[in-house]
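What follows is a short report on a single structure.
So you know, we letter chains A, B, ... as the sequences are listed, proteins then strands, and number each from 1.
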2 protein chains.
Amino acid sequence: MFSKACEYGIRAAIYIGQQSTDSGRRVGLKDIAAEIGSPEAFTAKVLQQLVREQLITSVKGPTGGFELTAEQLRTVTLRQIVVAIDGGAMLQGCALGLPQCSARQPCPMHYQFLPIRDQLNELLRTHTIGELASKVHDGLGFLKQFG
Amino acid sequence: MFSKACEYGIRAAIYIGQQSTDSGRRVGLKDIAAEIGSPEAFTAKVLQQLVREQLITSVKGPTGGFELTAEQLRTVTLRQIVVAIDGGAMLQGCALGLPQCSARQPCPMHYQFLPIRDQLNELLRTHTIGELASKVHDGLGFLKQFG
DNA sequence: TTGGTAAAGGACAAAAATGTCCGGTATTTG
DNA sequence: CAAATACCGGACATTTTTGTCCTTTACCAA
């Protein structure tokens, strides 16, 4: 579905969001990677992308780390994370790979796939990082497998 | 969504199916690649996989080529093609990449993604190659961009 | 101000996906 | 039987994705 980079990015963003909500404290890369079960250096690259897109915030130096501002928690959606990392292809492209699939020259599955992809888009668009973070906080969702 | 290999495999299978339905004639690799707009040698590899899984049929030598038997046209589903080439990961795995995501320890999007993935599975399961081939035959679907 | 800390960024490495090439094998036709 | 045809299979090449390492830059605290 999504690339590894994107999966790490989403899980990391939610974890950072959870810590920002919870205790208002920043989290370091090492912490993040450990808590979401991802390779540290690779996760760093992904987070850099998200910082550049201003979907998360980073601070250098001692007491530094990653955080989500109150506004980011409220407004950044899953969709923005996905688009920032994987681009829009998966959310718009043809399921059978036709470069210009549309009603004018639809692939044989075009009209069957449309509603599903619309639902997926809607799903990503309507869920904010803050919302998902609070779900993790309440123990209703996990970012890593335990026990 | 699907890998390039899978996209080519689906388009090729539908094209072969269309020719089998239409004129009962076999089609060669060159013909297939030209008609669906795919790299010839790479498409050959993909078709070999489908032949091994007995989702399509091949015949060597002069007058040889690829075809779909009446039974294959009737029974082979899009899902079988996808599983043969991409495996089941995309149809079953967690959207956020958790190795054991389930109701016991769900990722924060688990219950939101479930219905969408179920619909996707259902879609692939209920469409046969023969059905899609006839859609192409009737000009209601395309396997390549023209004009 | 200075030293330690943590992210940023560049270069590099490994693995997987994509794509190509060519000799081997089976089959049909003359 | 011989020759042409077309898929099969293995090796190889390229590109993208995934992952690592190390130096630089920015920041905070003592």
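Along DNA chain D, the stretch of nucleotides lying under 4.0 Å from any heavy atom of chain A spans, 5' to 3', D:dT18 to D:dC28.
For the pairing with B:R26, the side chain to side chain contact (heavy atoms under 4.5 Å, CB included) check across B:D31, B:I16, B:V59 returns one residue only, B:V59. A side chain to side chain donor-acceptor pair (under 3.5 Å) with A:T57 is found for one member of A:Q72, A:E71, A:E67 and no other, namely A:Q72.
Near DNA chain D, meaning a heavy atom under 4.0 Å away, there are no residues from residues 90-97 of chain B. Contacts between residues 11-35 of chain B and DNA chain D, defined by a heavy-atom separation below 4.0 Å, involve B:V27, B:G28, B:L29, listed by number.
Counting non-hydrogen atoms of other residues, nucleotides and ligands closer than 6.0 Å to CD of A:Q54 gives a total of 12 or fewer.
The list of ring-ring contact (aromatic ring centres under 6.0 Å, His included) pairs with a residue in residues 70-89 of chain A, not counting sequence neighbours, is empty. Judged as a ring-ring contact (aromatic ring centres under 6.0 Å, His included), the pairs with a partner in residues 22-80 of chain B (not counting sequence neighbours) are, in order, B:Y8-B:F42.
Side-chain atoms of B:Q119 and A:Q119 include a donor-acceptor pair closer than 3.5 Å. Using a 3.5 Å distance cut-off with no hydrogens or angles, the side chains of A:T43 and A:S38 do pair a donor with an acceptor.
For B:D22 (side chain) and B:H137 (main-chain N/O), no donor-acceptor pair under 3.5 Å exists by modelled atom type. Although no hydrogens or angles enter the test, the distance criterion places a donor-acceptor pair under 3.5 Å between the side chain of B:K144 and the main chain of B:A34. A donor-acceptor contact shorter than 3.5 Å is absent between the side chain of B:Q92 and the backbone of B:A89.
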5' to 3', nucleotides 15-26 of chain C under a 4.0 Å protein heavy-atom cut-off (B base, S sugar-phosphate only, - none) gives ---BBB----BB
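Listed here is the closest heavy atom pair of A:C107 and A:C101: N-SG, 3.3 Å. Minimum interatomic distance between A:L50 and A:A84 (heavy atoms only, all atoms of both residues): CD2-CB, 4.2 Å.
Between A:I56 atom CD1 and C:dA6 atom P there is a gap of 17 Å when expressed in whole angstrom units. Distance CD (A:E67) to P (C:dA6): 15 Å, rounded to an integer number of Å.
Residues B:Q112 and A:H127 meet the side-chain proximity criterion, which asks for heavy atoms closer than 4.5 Å.
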